[in-house]
Number of protein chains: 2
Amino acid sequence: MTAAKPPRESRPASAQSGRRASRLVDIAEAAGVHVSTVSRVLNGDPAQSIRPETYERILSAARQQGYRPNAMARALKRSRAGALTFVIPLLRNPIWVKLQRGSLQRAAERGYVVMIMEEPAEEPRPPDSYRYLVEESRADGLLVATALRIPEHAAGLPAVPHVYVNRRGPHRGNDVVMDESGAVRIFLDHVTGLGHRSVAIIDGPPEVDTVHRRVAAARRMCASRGIRLTVRHAPPTEEGGWRATTSMLRQGPVPTACGVGSLNQLFGVMGALRDAGVAVPGTMSLLSFDEDECLAFLDVPVTSVSMPLAELGGAAVDALIARIEGRPAGDLMIREPMSLLLRGSVSRPGAQPAASDVEG
Amino acid sequence: MTAAKPPRESRPASAQSGRRASRLVDIAEAAGVHVSTVSRVLNGDPAQSIRPETYERILSAARQQGYRPNAMARALKRSRAGALTFVIPLLRNPIWVKLQRGSLQRAAERGYVVMIMEEPAEEPRPPDSYRYLVEESRADGLLVATALRIPEHAAGLPAVPHVYVNRRGPHRGNDVVMDESGAVRIFLDHVTGLGHRSVAIIDGPPEVDTVHRRVAAARRMCASRGIRLTVRHAPPTEEGGWRATTSMLRQGPVPTACGVGSLNQLFGVMGALRDAGVAVPGTMSLLSFDEDECLAFLDVPVTSVSMPLAELGGAAVDALIARIEGRPAGDLMIREPMSLLLRGSVSRPGAQPAASDVEG
DNA sequence: CTGTTAGCGCTTTCAT
DNA sequence: ATGAAAGCGCTAACAG
């Protein structure tokens, strides 16, 4: 009735691999014990009371065979993949690199691997379209960093552990964001302290959550301080920054200080100011809400607000794992460390071109 | 003896998910057939000759239940994870974004997901230290884009399907690279065509494979054309570019044209030229081997060579999958599309500052 | 045309 | 202190 077990060679060998990976049963055989014993030992089962002798035999056999647990089998048994998926818009903007780095590192520390899925920047897909990764149990949860908050994307991700990173989701309770309002305050404190009374913000589209929060904070603060505020929304590209600036310079009273939402826009803004013969910081003070080392090496070094991006990435991973494990959770705002990096692009209004950042 | 099957509720429900994911057996039950039939139908088994009636019943049940195959179970059964791991240095350099994008897209087309692992740029780990991902069968193969080619890393990755991306591995046969030599030729043709006879290359450390190949090509071509060549290696940062340039300007006959290996270095190079009062392109023509849109918006727009990065990423995925599937393979060089993007930073030697790129 | 059977490699009660 | 056995969800012969 029962046929003899087929020989081991019958299984597919990976193209480049000679030897098969060793399994629990292989090391059990070598150690002369049962696989369950091996499993217990290798997992450091708390309820273990293994004879030191067999313990050693198992460990050395495992080491000698270079044993690696099969993550798929384990995932299947435990119904837990040990992987997270990061849905992220792969833009040239360097903030994503710092964010990714923070997440990868924290995830590694917590025993998870991270799969990165690109969100096409041109035609964004709703976050919902990534849940299949969890449903196929390739991942235990989703880190969603897509920037948009538009109606079609409002459905959200019920029934799948997830966290919105650097944006607020449609339902609250699953957001991990930074203190954009604090960044705006730093900007305004700096320039108003130097005497500026008419400031501008050039930023991305208002549908981007971070943009939305920066602009809202700016409106509120400027209103209460009696500061004139000009806001320009544009695509988050060099071209977008150029157009926004050029059009701003054409219309009405030109502000004397300007905060720019992204590095890419900043290049466009500087290009437009140069084309228009507007001196920085002499006629226009400039500050970037994206920090990048290259800012220090530009024609006129650009002052920026440095945001806690790596911390955001790490905190998002922690928050997601908490949800996966069913622990209570809520929205999170990462505030530290945030700092103003003084370089040469901000001065008193009407100051000479040679001026550089002046202390408070 | 045999206890009654425990109720279904006994399994762990994910924190945020109410309903469990539906399984093959669930839809088999709903359709009144056996799971193997469902499997065959859903996988479009070529040897299928299913009665259209049951076929429809199965499909509708699956659709109605929102069935998703469990990737872990499938992977376990097929001994194939359906995932690739991309080991990549998460630098600020935008070339990695384009590369990632090309890979992610191609992998998605071919039914694979991609996990990205960061290679810490500071203390690089040998490629070998990532093979555990394949050994745990989390991934079917490795895309290795770490830049270094140093002795400790020479062991390579025997026995694990892998491809070196944008660098050559220690053994040949698993490399997918771009035509760096061709890029150098474009640079030299352009500047020598304009009359330059003394050129420089400022690039990363010689241990980086792309740097090595660019410099080797430059030496060869300059020797055969009777062009004077100055080579400066420096860390691939703004700071590195600044130092290399400053030291070059101090020593001996200063070249009239300079190619720069990376965008980050380029900012440093431009800063150093500015600090030294060297006009671009009047006194020094400049070309970047990294293309990025911001180059068009700089003080003086910078001419660059645009490399086929997305194509490289896609080709690397194809090459890796070929290896995973045991198909014959070899080294690959991606040559197209590569182009010179003329902007304002290259002119005839000794030309006036206002000059911009001149045709051939 | 469809059902039966036998696992993939691992964890986890439950016995002993 | 260790072994036996069941089974995660799926696929793939092999029967009928």
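If you're wondering where the values come from, they're calculated on a predicted model, not measured in any experiment. In what follows, chains are A, B, ... by sequence order, proteins preceding strands, each numbered from 1.
- Annotation: D/dA6 and C/dT5 have their P atoms spaced 15 Å apart (nearest Å).
- Interface remark: the A/K77 side chain does form a donor-acceptor pair with the D/dG7 base, using a distance-only criterion of under 3.5 Å.
- Using a 4.0 Å cut-off between charged nitrogen and carboxylate oxygen, B/D318 and B/R106 count as a salt-bridge pair.
- Atom CZ in B/R78 sits roughly 17 Å away from atom C1' in C/dG9 (whole-Å rounding).
- Residue contacts shown for A/T54 are limited to sugar-phosphate atoms, with no base heavy atom under 4.0 Å away.
- The backbone N or O of B/L133 sits nowhere less than 3.5 Å from a side-chain atom of B/R138 that would complete a donor-acceptor pair.
- At whole-Å resolution of the value, CG in B/L42 and P in D/dA12 are 14 Å apart.
- A straight line from NE2 of A/H34 to P of C/dC10 spans 13 Å, rounded to a whole angstrom.
- Checked by atom type, the side-chain pair B/R74/B/N43 shows a donor-acceptor distance below 3.5 Å.
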Pairing string of DNA chain D (Watson-Crick or G-U wobble, both atom distances under 3.5 Å; | = paired to other strand) is |||||||||||.||||

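- Taking atom CD of A/E56 as the reference point, atom C1' of D/dA1 lies 16 Å away to the nearest angstrom.
- Mapping B/V33 and A/N70 onto DNA chain C by nearest heavy atom places B/V33 at the nucleotide closer to the 5' end.
- Between the CD atom of A/E135 and the P atom of D/dG9 there is a distance of 15 Å, rounded to whole Å.
- Minimum atom distance to the side chain of B/L76 is reached by C/dC8, of the listed D/dG3, D/dT2, C/dC8.
- Side-chain proximity of A/A73 to C/dC14, C/dT2, C/dG9: nearest is C/dG9.
- Remark: P of C/dG3 and CG of B/L24 are 13 Å apart, rounded to the nearest angstrom.
- OP1 or OP2 of D/dT11 lies within a sub-4.0 Å distance of a side-chain N or O belonging to B/S39.
- Taking the nucleotide of DNA chain C with the nearest heavy atom to each of A/R68 and B/V35, the more 5' of the two is matched to B/V35.
- Here the side chain of B/N166 pairs no donor or acceptor atom with the backbone of B/V177 at under 3.5 angstrom.
- The nucleotide whose nearest atom lies closest to any side-chain atom of B/T37 is, among D/dA4, C/dG3, C/dC10, C/dG3.
- You'll find that the side chain of B/R40 is closest to D/dA13, out of C/dT13, D/dA13, C/dC1.
- In this structure, the side chain of B/D209 engages the main chain of B/R168 through a donor-acceptor pair within 3.5 Å.
- For the OP1/OP2 pair of C/dG9 and a distance below 4.0 Å, the side-chain nitrogens and oxygens of A/R23 include at least one atom meeting the criterion.
- Following rounding to the nearest Å, A/E29 (CD) and C/dG9 (C1') show an atom-to-atom distance of 15 Å.
- With respect to B/R101 and A/E118, a salt bridge is recorded, a charged nitrogen being found less than 4.0 Å from a carboxylate O.
- Atom C1' of nucleotide C/dC10 and atom CZ of B/R138 are separated by 14 Å, given to the nearest angstrom.
- Between the side chain of B/S60 and the backbone N or O of B/R57 there is at least one donor-acceptor pair closer than 3.5 Å.
- For B/R23 and B/Y67, the positive end is not near the middle of the six-membered ring at less than 6.0 Å and at most 45° from its axis.
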